[in-house]
Protein chains: 2
Amino acid sequence: MPDRQRADARRNYARILAVAEQEVAAHGADASLERIARLAGVGSATVRRHFPGRRALLQAVFSERIESLCAHAESLTEAPEPRAALLEWLGALTDYSASARGMAEALAQDGLDDPSHESACAVVLARGLEPLLRRAAEAGAVARDVTAGDLLALVTGIALATEGRPEAAVEARRLLELTVRGVSPEGLAGKRTREAAATRV
Amino acid sequence: MPDRQRADARRNYARILAVAEQEVAAHGADASLERIARLAGVGSATVRRHFPGRRALLQAVFSERIESLCAHAESLTEAPEPRAALLEWLGALTDYSASARGMAEALAQDGLDDPSHESACAVVLARGLEPLLRRAAEAGAVARDVTAGDLLALVTGIALATEGRPEAAVEARRLLELTVRGVSPEGLAGKRTREAAATRV
DNA sequence: TTGCCAAGTGGCGGGGGCCTCCGTATCGTA
DNA sequence: TACGATACGGAGGCCCCCGCCACTTGGCAA
């Protein structure tokens with residue numbers, strides 16, 4: 001990302017990132033940095049120099065995809081149906097999180113230690129999601145108290161919970177559907193809410 | 001658990017388990033087995049002998065609590081309000097999963113490699129949950145297609161997604177509430193479902 | 001073009017963790 | 001008490017992460 005870098009440094013950066021993408025895809029969030037270095041034909045120190053900490057590497061690995069998700073979100077802000085737009089985007093996020101190993105971990109863990117780093121995956125996504133969510137809320141299609149962070153956390157959780165299972169993608173979709181419509185059957189909205197409030201759930 | 005064991009073996013088992021509880025509570029699911037052995041005053045091989053694999057250890061650590069959750073579930077099967085009973089139990093599970101470090105990981109990961117081990121946390125919990133869920137479904141308080149596995153996965157996901165955050169417990173509760181009632185505002189059940197179906201989410 | 005020097009590199013050693021093997025100490029019993 | 005089965009634990013192998021430091025290399029100025 002820095003521009004005033006030596007040519008070899010940039011070359012190494014790119015090679016490492018390329019290898020890291022494959023390795024993370026293959027072994028998830030805890031791929032071996034050492035191994036990545038080896039495969040990239042580079043010393044392990046170099047990997048750590050370019051990406052201080054596993055977090056940074058994951059962030060870089062997923063940043064492209066995250067950008068594209070944000071772009072998708074932006075393109076959806078003009079959609080005629082705010083609610084459908086939101087759901088479509090959540091579906092896309094779920095699909096990606098469930099299929100791209102390590103993504104969910106990256107999402108869940110960033111912003112924990114660092115004081116809300118500006119480029120953390122979660123905050124970038126939240127920024128992208130917010131307009132979509134706001135529009136849906138204004139259209140009355142989503143409860144007002146639902147935040148972008150809530151939705152991100154829910155999707156992240158679904159991805160984490162299904163990671164590693166066979167059929168992870170379809171399970172994740174199914175759980176997202178449940179989450180969106182609520183566990184209850186249709187036509188119980190009133191009863192449902194009253195009881196929920198009563199039991200503090 | 002085996003009865004025909006040497007006295008020292010049983011002693012060690014108990015000591016290891018006691019230490020493991022503390023260590024898991026302190027460091028989560030990836031507490032160091034080596035360290036547990038050291039603290040228990042035991043060789044690392046002994047830990048591995050009693051608990052082949054981290055999974056087994058976590059299972060043992062949480063089994064008591066899981067039993068108690070199952071007992072709670074059983075006591076709730078007679079409750080007058082099936083839906084409230086289910087929600088209360090889900091709340092209890094969420095509270096515990098969110099507060100007991102490592103529990104969510106244990107839940108998420110068991111049954112993955114092993115061919116559905118009989119004593120895996122998740123299957124024990126599912127067995128406990130099933131009657132409660134069935135009763136709620138029969139009372140029309142829960143959609144028929146919701147399985148115990150679904151609910152467990154959702155709660156597990158919520159716990160995983162909130163793990164490590166400050167206020168994890170209250171966030172987890174909040175997300176559970178959202179999940180139960182659905183993301184949408186009240187009174188939209190019909191519209192909601194139609195659209196969801198239309199967008200395949 | 002040449003030479004200089006900081007930016008960049010990678011190997012090495014320390015600290016840990018997980019796992020297996022195997023000689024040995026201990027328990028329960030005859 | 002003596003013996004055999006059972007359980008123990010240390011050592012060694014392998015991998016990983018991390019920080020240090022002497023060395024190379026790329027880019028700029030003369």
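Every chain is numbered from 1, with letters handed out A, B, ... down the list of sequences.
- Each of Arg6(A), Arg11(A), Arg10(A) was scored for a side chain to side chain donor-acceptor pair (under 3.5 Å) with Asp8(A), with one residue passing: Arg6(A).
- Straight-line distance from the CG atom of Leu33(A) to the P atom of dG10(C): 16 Å, rounded to whole Å.
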Using nucleotides 11-14 of chain C, report all nitrogen or oxygen pairs with the protein that are shorter than 3.5 Å.
none

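- Residues Phe62(B) and Val24(B) form a side-chain contact, since some pair of their non-hydrogen atoms from C-beta on lies under 4.5 Å apart.
- Look at His50(B) and you'll find a side-chain N or O under 4.0 angstrom from OP1 or OP2 of dC8(D).
- The shortest side-chain heavy-atom distance between Gln59(B) and Ile66(B) does not fall under the 4.5 Å cut-off.
- Rounded to whole angstrom, the span from the CD atom of Gln5(A) across to the C1' atom of dG27(D) amounts to 14 Å.
- Here the P atom of nucleotide dG9(D) and the CZ atom of Arg11(B) are 11 Å apart, to the nearest Å.
- Taking atom CZ of Arg35(B) as the reference point, atom C1' of dG15(C) lies 15 Å away to the nearest angstrom.
- Atom C1' of nucleotide dC5(C) and atom CZ of Arg6(A) are separated by 10 Å, given to the nearest angstrom.
- Note that the OG1 atom of Thr77(B) and the CG atom of Leu129(B) stand 12.0 Å from one another [nearest 0.5 Å].
- Counting heavy atoms from C-beta outward, Ser75(A) and His72(A) have side chains that approach closer than 4.5 Å.
- For the atom pair Leu69(B) CG and Leu125(B) CG, the distance stands at 6.0 Å (nearest 0.5 Å).
- Within the nucleic acid shown, Arg48(A) comes within 4.0 Å of at least one base atom, counting heavy atoms only.
- Of the candidates dG26(D), dT9(C), dC16(D), the closest approach to any side-chain atom of Ala7(A) belongs to dG26(D).
- Nearest approach of Thr162(A) to Ile158(A), heavy atoms of both residues: OG1-O, 2.9 Å.
- In the set dG27(D), dT9(C), dC16(D), the nucleotide with an atom closest to the side chain of Ser32(A) is dC16(D).
- The distance from atom CZ of Arg55(A) to atom C1' of dC18(D) is 17 Å, rounded to the nearest whole Å.
- Within the 4.5 Å cutoff, the side chain of His50(A) has heavy atoms near those of the Gln5(A) side chain.
- Atom-to-atom, CZ of Arg4(B) to C1' of dA7(D) comes out at 15 Å; the value is rounded to the nearest Å.
- Between the CZ atom in Arg48(B) and the CG atom in Leu33(B) there is a gap of 5.5 Å [rounded to 0.5 Å].
- For the OP1/OP2 pair of dG8(C) and a distance below 4.0 Å, the side-chain nitrogens and oxygens of Asn12(A) include no atom meeting the criterion.
- Rounded to whole Å, atom P of dA7(D) lies 10 Å from atom CZ of Arg10(B).
- Annotation: of the two residues near DNA chain C, Asp30(B) and Asp8(B), the 5′-most nearest-nucleotide partner is Asp30(B).
- Between atom CD of residue Glu23(A) and atom CG of residue Leu57(A) there is a gap of 11.0 Å, rounded to the nearest 0.5 Å.
- For Arg38(B) and dG10(D), the shortest distance from a side-chain N or O to OP1 or OP2 is not below 4.0 Å.
- Distances shown here put a side-chain N or O of Arg54(B) below 4.0 Å from the OP1 or OP2 atom of dC18(C).
- For the helix from dT1(C)-dA30(D) to dA30(C)-dT1(D), the axis fitted to the five pairs at one end and the axis fitted to the five pairs at the other end meet at an angle of 0° (nearest 10 degrees).
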